[in-house]
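Okay, structure first, notes after.
We use all heavy atoms of the structure for the numbers below, so side chains are in, but hydrogens, waters and symmetry mates are not.
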Amino acid sequence: MMPQFKLLFKMPSVQWDKIAKGVFIFSIGLFKKVFIADSFAKWANNGFRIVEKGEFLNFFESWVTSLSYTFQLYFDFSGYCDMAIGLGLLFGILLPINFSSPYKAHNITDFWRKWHITLGRFLKDYLYIPLGGNRGSKLLTFRNLFFVAFLSGVWHGAGFGFIIWGALQGIAMCLHRAYGYVLESLNLAQSAFLQSRFYKVFCWFMTFNFLNITWVFFRAENLQGALNLLQGMFGIVWVELPHKARHIPRLLENLDGRNETLFFLVFAFMICLCAKNSIDGLQDFRASWKNVVFAGFLLFVSVATLSITPYVEFIYFNF
């Protein structure tokens, strides 16, 4: 940061190229936060509010609750970072990238290289490497991996949910590293099957669902609420479905869900898996009428949404 501040005083007072990029990425971030994340917040909050009181949701409500929070957290935090980068560019300062399409990850290690990159870099440089990193025995490497992941959970808060979330991340990191060791020992790391599309899709499916499940502990304000939601997700408890359950509003009535709920879930999946990363879009940015119209449309929709919906704070303001 400091070298950029020094250079700032030697440059022209107005850098139009950076201002254009700043407005572009800021509009994307604001749209992510206001239109997407805050839409999911309603369904996620309604669902968690019910299970935290000791009650249960039906199978469909449980999965919609967990997925709503999974996407709310991503678009809230990702939008927040895009907005910060955009504001920095307005003043000629380039902030570090913090997200790189983490929900496209095929394993937990890849996920943590893409999610909250600045925190991961800090923990790697000031904790993982000083502990020895992977320079010692395999057992010490497992210890270091678990310790760093566990502390990342405690960093978010001292509640049992954060502790369990950190421990689960640590266990997953160790299991993935052990799996890699096994493949190396059997000379299977470059096998045709491991390079196949089926295997990659399977790995993505397992990784995404692991994250979706562990976010439940991250979000729930009490442990009982997390367990109640997980029981509903896996059908351990039976909650009778309402009459006329063929209609989505009936299936999701406890969440105040509507037909648009399904639309937002599909929309979020498409953005996370198919859309170009916003940072990549920023790097390829060229001032044009197309980008002006695109940024203007996102800003208009965001401001219009802000005017008709209640305020929802950024999740990471809590940390």
Side-chain heavy atoms of [X] within contact of [Y], under 4.5 Å:
X	Y	value
W115	Y74	yes
F48	L229	yes
T70	F40	no
I50	N228	no
K32	S278	yes
I271	F71	no

Side chains of [X] and [Y]: do they bring a donor and an acceptor to under 3.5 Å?
X	Y	answer
N254	E61	yes
Q169	S152	no
T141	N134	no

Please lay out, stage by stage, how I28 and F294 fare under the test side-chain contact (heavy atoms from CB on, under 4.5 Å).
CA-CA 9 Å; I28 294 175; F294 177 71; 4.1 Å; yes

To the closest 0.5 Å, what do you measure between [atom1] ([X]) and [atom2] ([Y])?
X	Y	atom1	atom2	value
F77	F314	CZ	CZ	11.0 Å
I129	K124	CD1	NZ	5.5 Å
L30	L299	CG	CG	6.5 Å
L252	N46	CG	CG	11.0 Å
L282	N277	CG	CG	10.0 Å
D280	I97	CG	CD1	8.0 Å

Tell me, please, whether [Y] has [X] positioned over its six-membered ring: NZ or CZ under 6.0 Å from the ring centre and within 45 degrees of its axis?
X	Y	result
K114	F99	no
R177	F142	no
K138	Y181	yes

Report the C-alpha separation of F193 and F198 in whole Å, then their side-chain angles, then the decisive distance to 0.1 Å, and conclude whether the side-chain contact (heavy atoms from CB on, under 4.5 Å) test is met.
CA-CA 8 Å; F193 175 71; F198 173 81; 4.0 Å; yes

Look at atom [atom1] of [X] and say whether more than 12 heavy atoms of other residues, nucleotides or ligands are closer to it than 6.0 Å.
X	atom1	answer
F297	CZ	no
F91	CZ	no
F300	CZ	no

Please check if the side chain of [X] supplies one atom and the backbone of [Y] the other of a donor-acceptor pair under 3.5 Å.
X	Y	result
D82	F26	no
T214	F210	yes
T207	H106	yes
Y69	A220	no
N209	F205	yes

Under 4.0 Å between a side-chain nitrogen and a carboxylate oxygen: does that hold for E52 and R219?
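Yes, this pair counts.
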
Flag the pair K104 and D110 as a salt bridge only when some basic side-chain nitrogen lies within less than 4.0 angstrom of an acidic carboxylate oxygen.
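No.
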
Evaluate L188 against V182 for side-chain contact (heavy atoms from CB on, under 4.5 Å), listing each step before the verdict.
CA-CA 8 Å; L188 295 175; V182 172; over 6 Å; no

Evaluate the side-chain contact (heavy atoms from CB on, under 4.5 Å) criterion for residues F162 and F217: first the C-alpha distance (whole Å), next the side-chain angles of each, then the deciding distance (0.1 Å), finally the verdict.
CA-CA 7 Å; F162 295 122; F217 291 100; over 6 Å; no

